[in-house]
Amino acid sequence: MTPPAPVIEFRQVGLTYPGPPPVEALRPCDLVIEPGEFVSIVGPSGSGKSTFLNIAGLLDKPTTGTYLLDGIDTTTLKDSDVTSVRGRRIGFVFQSFHLLPHRSALENVMLAMTYNGVPRAERAERAREALACVGLGHRVAAMPSTLSGGERQRCAIARALVARPSLLLCDEPTGNLDTANTATVLRLLETLHDGGMTVLVITHEPEVAARGSRTVAIRDGLLSEQVMR
Amino acid sequence: MKRFRTGRRGDPAIPSSVFGARDILAESVAGMLQRPARSALTTLGTVLGVGTFVAILGLTATTSSQIDSRFNLLSATEVTVEDVAREQDEFADAAFPDDADATIEGLNGVEHAGVFWSVRLPPGSTVKSSPVGDAAVGEKIDVVAASPGALRAAVPTLAQGRLFDTYLSETSQPVAVIGSGMASRLGITTLQTQPAIFIGDTPFTVIGIVSDVRRKADLLLSVVVPGTTAEKVWGHPADAGTKMLISTEAGAARQVSELAPTALRPDHPEYLKVIPPPDPKALRTSVTSDLNQLFLLLAAICLVIGAVGIANTTLVAVLERTGEIGLRRALGARGRHITVQFLAESGTLGALGGLVGTSLGTITVVIVAVVREWTPVIHTATVAAAPVIGLVTGLVAGLYPAWRASRVPPAEALRR
């Protein structure tokens with residue numbers, strides 16, 4: 001049996017915004033993230049973190065290089081296929097949660113299965129499981145406005161997990177949270193990692209980055225692997 | 001958490017994103033109910049437009065059917081023929097032949113027919129109930145000479161007595177039929193005493209009092225005498241003005257009106273002018289075309305305003321919900337799924353407005369009909385088309401905002 005392909009494989013992936021003047025937002029780089037890894041991407045603001053997130057999350061296409069996700073060459077895919085791959089294989093967690101304000105926690109989680117071909121009948125049950133998994137089993141009917149910041153982010157994580165992605169892509173997941181809630185969310189991410197989930201956290205906070213088993217720094221659009229602890 | 005099985009790595013067959021019909025419906029309803037007050041206000045224009053549309057078409061149909069039912073019975077079975085011989089030829093005689101009644105009554109579809117004319121009394125002669133003394137009535141009373149057929153064609157309702165028949169007419173008897181109002185003015189209460197009235201100096205026996213006529217209502221205010229008697233007393237009607245009243249069976253009026261001039265005067269059909277019954281269809285068309293075009297235009301303007309309202313609200317919603325659009329894109333929605341979602345939302349708004357408008361329009365028609373004691377008539381096509389018009393309005397209004405929504409770059413949308 002062949003070993004499983006890396007979840008993320010960057011081969012000289014770079015992105016240059018056409019000018020004038022052209023801006024090299026991400027310099028061509030190589031990066032491999034194996035299944036089950038917990039990788040932190042750190043860098044100050046303006047370093048190219050967002051560009052990296054957009055490329056890794058298939059929200060933007062690199063201008064150079066090849067990006068393989070789960071062994072699929074995403075750079076040659078049609079836009080509609082890129083969308084499908086994104087919807088099925090990447091679970092996003094955002095700094096600002098992006099929960100729909102007029103829907104309950106359960107409905108917000110169910111939304112993640114709308115476009116992936118999950119039969120309607122299964123969705124509520126799976127969403128309930130995902131919420132239970134992040135410790136929100138008792139708040140399924142709550143509206144986002146009644147949830148605390150930490151609960152909102154856990155709800156968003158449940159939404160990211162419910163479609164069973166191969167990669168959990170977190171963009172500043174604790175940026176809007178206080179210390180206590182940050183600790184809860186990070187513990188949750190660690191638990192998920194322990195369960196075998198591949199987690200990629202993009203952050204500017206060193207203490208968050210320290211939770212990862214591996215840290216990649218980004219500065220001025222340049223990726224550089226840091227020494228593993 | 002269970003790992004997503006990645007057994008299909010490298011498999012080029014990538015299952016594509018879907019957005020099922022029930023999901024579309026659920027999302028559009030949810031989107032609409034997010035801000036119920038705003039949705040209600042947004043649909044107001046469509047409600048008014050569709051409501052006006054239904055009300056106008058319904059009221060038109062209702063009045064048209066009213067006109068139909070009125071014209072079907074009476075007017076559509078009435079034909080009048082006028083003597084216009086003098087207009088054609090200065091020296092022409094009366095256009096109606098002596099056997100005019102019999103000729104026309106012999107035509108298929110004719111029930112009754114007869115000539116009549118207003119008698120020109122010599123100056124100074126009036127209608128009185130006694131030979132001497134004051135004239136019983138101050139005003140001038142019309143004397144109408146009519147053949148028995150003409151009298152019957154007017155469909156009179158007798159209060160007392162009888163009409164003059166062919167025998168009385170042929171023998172030029174001095175008899176008269178008067179309206180009930182006229183009878184009370186002349187002081188005649190019963191026919192058992194065989195009362196007489198005097199026209200000029202000539203006595204006439206009143207043989208019938210008519211309480212109502214369905215045609216030629218002016219007969220109620222006249223004294224009707226047999227044509228032959230009138231000719232004997234006052235001579236042949238010198239000037240033209242003789243007319244013929246024909247009552248036909250239902251549906252025969254047009255045919256009769258075409259045949260009558262030729263049947264009466266094969267040599268000079270142009271001496272006779274026929275006034276056929278009004279065509280109810282033409283009448284309905286004229287009713288529809290006048291005022292209602294204006295109202296339909298108003299309805300169309302309302303619809304345009306409604307569409308602009310929906311377009312505006314949807315556009316605002318798209319801007320407000322940029323984050324949601326980005327999220328949906330991140331969750332696997334394609335650009336066209338976003339388009340479909342917003343189109344479905346605006347379409348649902350429009351269809352809902354159309355449904356409410358249809359109901360309000362129908363209620364309006366029913367209320368107006370009840371107040372006027374009419375039968376409310378709305379064509380089923382109107383009721384079926386109205387919500388569709390609302391739906392189309394909503395869809396058209398949503399086109400641009402939905403297109404805009406699909407063009408939002410997901411990465412940018414998520415940064416909000």
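What you see below is based on every heavy atom in this structure, not just the backbone, and it leaves out hydrogens, waters and symmetry mates. Just so it is clear, the structure is predicted and the values come from calculations on it, not from any experiment. We name chains A, B, ... by the order of the sequence lines, and we start the count at 1 in each one.
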Practice item. Enumerate by number any residue of residues 44-64 of chain A whose heavy atoms lie under 4.5 Å from heavy atoms of chain B; in the absence of such residues, state 'none'. Key: A:Asn54, A:Leu59
Review point. Roughly how far apart are B:Gln34 CD and A:Leu100 CG, rounded to 0.5 Å?
Key: 7.0 Å
Point to revise | Structural part of A:Arg86 lying under 4.5 Å from a heavy atom of chain B | key: both
Practice item. Scan residues 357-380 of chain B for pairs that pass salt bridge (charged side-chain N to carboxylate O under 4.0 Å, His left out), counting only residues two or more places apart or in two chains. Key: none
**Study point:** Derivation and outcome, side-chain contact (heavy atoms from CB on, under 4.5 Å), residues A:Arg159 and B:Leu327
**Key:** CA-CA 11 Å; A:Arg159 181 182 63 198; B:Leu327 171 74; 3.4 Å; yes
Check your understanding: Counting only N and O atoms by type, is there a donor-acceptor contact under 3.5 Å from the side chain of A:Arg88 to the main-chain atoms of B:Pro15?
Key -> yes
Revision key, fill the gap. Turns out that what part of B:Arg321 lies under 4.5 Å from chain A's heavy atoms comes down to neither
Practice item. Using heavy atoms and a sub-4.5 Å threshold, report which of residues 107-116 of chain A line up against chain B, by residue number. Key: A:Leu111, A:Ala112, A:Thr114, A:Tyr115, A:Asn116
Study note, to complete from the structure: Max heavy-atom pairs within cutoff under 4.5 Å with chain A, candidates B:Ala330, B:Pro410, B:Pro409, goes to B:Ala330
Point to revise | Pairs where residues 327-343 of chain B contributes a residue and the test salt bridge (charged side-chain N to carboxylate O under 4.0 Å, His left out) is met, not counting sequence neighbours | key: B:Glu27-B:Arg328, B:Glu324-B:Arg328
Study note, to complete from the structure: Between the NE2 atom in A:His98 and the CG atom in B:Leu331, the distance rounded to the nearest 0.5 Å is 10.5 Å
Review point. Within the side chain of A:Ser84, is there an N or O that forms a donor-acceptor pair under 3.5 Å with the backbone of B:Ser17?
Key: yes
Check your understanding: Would the number of heavy atoms belonging to other residues, nucleotides or ligands and lying under 6.0 Å from CZ of B:Arg407 be above 12?
Key -> no
